[in-house]
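Since we're looking at a predicted model, the values are computed, not measured. In what follows, chains carry the letters A, B, and so on, assigned in the order in which the sequence lines appear, proteins first and then strands, with residues in each chain numbered from 1.
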Amino acid sequence: MPRKILVAVAWPYVNGEPHLGHIAGMNVPADIFARYHRLMGNEVAMVSGSDMHGTPTALKAAEEGVSPEVVATRYHEIWSKALSDMSFSYDLYTHTHTDRHREVSQELFLGLKENGHLSEATQSMPFSETEQRFLSDRFVEGTCPHCGHESARGDQCDNCNRTLDPIDLINIRSKRDGSTPVFKDTTHLMLKLGDFQKQLEDWVSSKTEWRANVRNQTLGILRDGLHDRAMTRDIDWGVPVPVEGYESKRIYVWFEAVIGYLSATRAWAEQRGTPDEWKKFWTEPDGESYYFQGKDNVSFHTIILPSILLGNGGLNLPTDVVANEYLNIGGNEFSKSKGNAIWVPDFLSRYEADPLRYYLASIMPETSDSEFTWEGFHAANNNELVATFGNFVHRVLTITTRNFDNAVPTPTELDDNDKAALAACDTALEEVSTAIDARRFRDGLRAAMRLARYGNQYIDTKEPWKVVKTDKESAGTSLWVGLNVISTLRTVFYPYLPTSADKIHSMLFTDSDILADGWNRRDIVASTPIGTPLPLFRKLDDSIIEEENARLLGN
RNA sequence: GGCGAUGUAGCUCAGCCGGUUAGAGCGCGCGCUUCAUAAGCGCGAGGUCGUAGGUUCAAGUCCCACCAUCGCUACCA
């Protein structure tokens, strides 16, 4: 019975290009997970899209003097291409400015209203008279009442770190034009999160296999008790609120962004001509769903999204919320403003996706922040991919084609070493499978690379390049075993390095594709022709370290 | 301030319910090999397990306090 796996990837807000920090924590693990499950024969839908309605996007548009849609669409296209160039296998990468998304968002919003989970509340907010609009907390600044810092934000003081309410700010002013806002009452619809307190507690408590940061952080929030939270905003860019009297407001962007997972699954099902297929993942009891994103997003996926789903009823809660920490560079977060960022399109103009996927998976910030360095990328590429994995594949294929007329040799009786090598293949399949299914991606990669090292040890023991001169049958058997190891490496590396796995496949086999072979050690058949071996990976010159570090400082 | 996570060899990380000389990969040193993109294999040197207490026959592994880093703290997406 195939499992039904929804791979839900966080929705980036599109006001810039993707950098390595973005993809390391969400897209890379999600794609490994999705590819693994497809190879296992499970039913997979991997969906995501661009969050078009983020405030930063609207802000950037205002700066440029164009409509938010222009900016959002521009960066959506850049993101789509970059994700595709990274070989991320989305079944659908859409965006939130579609009719389908608006309909589904409004439908769930009204569902909550009909079920009595929305309430109205009036609050006093800063209002700009010059712009005739309400200013969200990030658009006002003033003097901190606690420490006297002169440019405290509306929600928090950057100097003393205390949480603030904009009404407490001394000398409050608009960050947009410096004018002094007035405070005006505004009414919003609030989601009564408290309605779901008990259900959420029971649900999260039962999820003992979740990562510690996700589970404990959520339990901590629940322990404090949930309060109503506004689900509408005084802005004009976003999904209209489908309620009379709210024509000038929009649905809170986080509300509709997390609904994107559902609207995108439905859009995917429609596009493939099976409009009800989304239900496999969302309403059938054995549908599984995995949400990949950064550690700053946890509560939106463990509190708000589940509340929306519970409040509508009949929709599956997340099986797991896989939150990663951050990938840093130079000891800091990737930051556009500080100039220390490596952009995906730029990276891919000089290097290939697979080595990057390898390095990012090997340093994936699963338990704590990790650090991208060019030295590390260079070393991972040259010492591990080229020297260990690529070289093993290349040396076995080369010896084989040169001595056995470009075809798979016929094995004779297997000795203990041969049997151990085949057993190592099965062990690797088992270990990588267990690790990926448990969302331990670094572990899985290590287990895969262990098989490549084992292959080198085996071949060194057997010395077929030497034995072939005296005992061709014996050398042929060793190479046949080596080819089995290569075939298995193709499988266990496929989730991590899909392009390289495809290259191996096309050198070993002429029929079918990797997916058709499943998560198994496909037997190597004697006499099958083998293509000319080509290196899997390109060795990088030492000079790139200095070049890239200089480039980083220069931008 | 409150909540949460993290802190183990130069680097990236394993160490489950506490129990022989704390492990792996990469890097580094030495040796072997030369089929292979000068790639491979073997051996070895590196750690008072963030700090300071406590519990215990025994603690990296449990308890307390503290320090550092990161996230959240409900209107940043």
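Only the C1' atoms considered, B:C28 is 23 Å distant from B:U34, to the nearest whole Å. Annotation: B:U69 and B:A74 have their C1' atoms spaced 24 Å apart (nearest Å). With C1' as the reference atom, B:G19 and B:U6 are 27 Å apart, rounded to whole Å. Nucleotides B:G47 and B:G2 have their C1' atoms positioned 36 Å apart, rounded to a whole Å. B:G27 and B:A65 have their C1' atoms separated by 38 Å, with the value rounded to a whole Å. B:G18 and B:C30 are spaced 44 Å apart, taking the P atom of each and rounding to whole Å. The separation of B:G46 from B:U73, taken at their P atoms, amounts to 48 Å, rounded to a whole angstrom. When the C1' atom is compared between B:C41 and B:A58, the two are found 40 Å apart, to the nearest whole Å.
Nucleotide B:G47 is shown with an anti base, its glycosidic torsion being more than 90° from 0.
The neighbour count for A:E473 CD, taken as heavy atoms of other residues, nucleotides or ligands under 6.0 Å away, does not exceed 12.
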Check your understanding: RNA chain B in dot-bracket, Watson-Crick or G-U pairs under 3.5 Å, [ ] crossing, | other strand?
Key -> (((((((..((((.....[...)))).(((((.......))))).....((.((..]....)).)))))))))....

Polar-atom pairs under 3.5 Å, protein N or O versus N or O of nucleotides 61-66 of chain B: list them with distances, or write none.
none

Between N or O atoms, less than 3.5 Å apart, protein on one side and nucleotides 42-46 of chain B on the other: list the pairs.
residue	atom	partner	partner atom	Å
B:G42	OP1	A:Q457	NE2	3.2

Nucleotide N/O of nucleotides 3-13 of chain B paired with protein N/O under 3.5 Å:
residue	atom	partner	partner atom	Å
B:A5	OP1	A:N216	ND2	2.6
B:C13	O3'	A:R442	NH2	3.0
B:C13	O2'	A:R446	NH1	3.4
B:C13	O2'	A:R446	NH2	2.6

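The CG-C1' distance, from A:L200 to B:A74, rounds to 14 Å in whole Å. In this structure, A:D296 atom CG and B:A74 atom P are separated by 15 Å, rounded to whole Å. Going from atom CZ of A:R450 over to atom C1' of B:G23 covers 12 Å, rounded to whole Å. To the nearest angstrom, P of B:A74 lies 16 Å from CG of A:L191. Between A:R395 atom CZ and B:C35 atom C1' the separation is 7 Å, expressed in whole Å. Taking atom CG of A:N381 as the reference point, atom P of B:U37 lies 16 Å away to the nearest angstrom. With rounding to whole Å, A:L397 atom CG is found 12 Å from B:U37 atom P.
Panel note: side chain A:H19, backbone A:H22; a donor-acceptor pair is recorded below 3.5 Å. Checking side-chain atoms of A:R102 against main-chain N and O of A:V239 turns up no donor-acceptor pair under 3.5 Å.
Atoms OG1 and CD1, on A:T373 and A:I545 in that order, are 8.5 Å from each other to the nearest 0.5 Å.
Out of B:C35, B:U33, B:U37, the shortest distance to the side chain of A:K466 is found at B:U33. Checking B:U37, B:C35, B:G40 against the side-chain heavy atoms of A:P535 singles out B:U37 as nearest. Residue A:P56 has its side chain nearest to B:C76 when only B:G71, B:C76, B:A36 are considered. For A:Y326, whose side chain is taken as the heavy atoms from C-beta onward, the closest listed nucleotide among B:A36, B:G71, B:U34 is B:G71.
Under the side chain to side chain contact (heavy atoms under 4.5 Å, CB included) criterion, A:S128 pairs with A:T130, A:E131, A:L135, A:D177, A:S179, sequence neighbours left out. Scanning for ring pair (Phe, Tyr, Trp, His ring centres under 6.0 Å) contacts around A:Y458 gives an empty result, with sequence neighbours left out.
The aromatic rings of A:W254 and A:H301 stand perpendicular to each other, their planes meeting at an angle above 60°, with 30° marking the opposite boundary. Taking the six-membered ring for Trp and thresholds of 30 and 60 degrees, A:Y261 and A:W11 have ring planes more than 60 degrees apart, a perpendicular arrangement. Classification of the A:F389-A:F537 ring pair by plane angle, with boundaries at 30° and 60°, yields tilted.
Between A:R402 and B:A36 there is a side-chain polar atom (N or O) within less than 4.0 angstrom of OP1 or OP2.
With respect to A:E64 and A:R74, a salt bridge is recorded, a charged nitrogen being found less than 4.0 Å from a carboxylate O. Remark: A:D320 does not engage A:R211 in a salt bridge, criterion side-chain N to carboxylate O under 4.0 Å. Looking at A:K249 and A:D234, a side-chain N of the basic residue comes within less than 4.0 Å of a carboxylate O on the acidic one, giving a salt bridge. A salt bridge does not link A:E209 with A:R439: every distance from a Lys NZ or Arg NE/NH1/NH2 to an Asp or Glu carboxylate oxygen is 4.0 Å or more.
In terms of heavy-atom proximity, A:L489 sits nearest to A:A452 at CD2-N, 3.7 Å.
Sequence order on RNA chain B of the closest nucleotides to A:Y454 and A:F537 puts A:F537 first from the 5' end.
Side-chain atoms of A:P318 and A:T302, non-hydrogen and from C-beta on, never get closer than 4.5 Å to each other.
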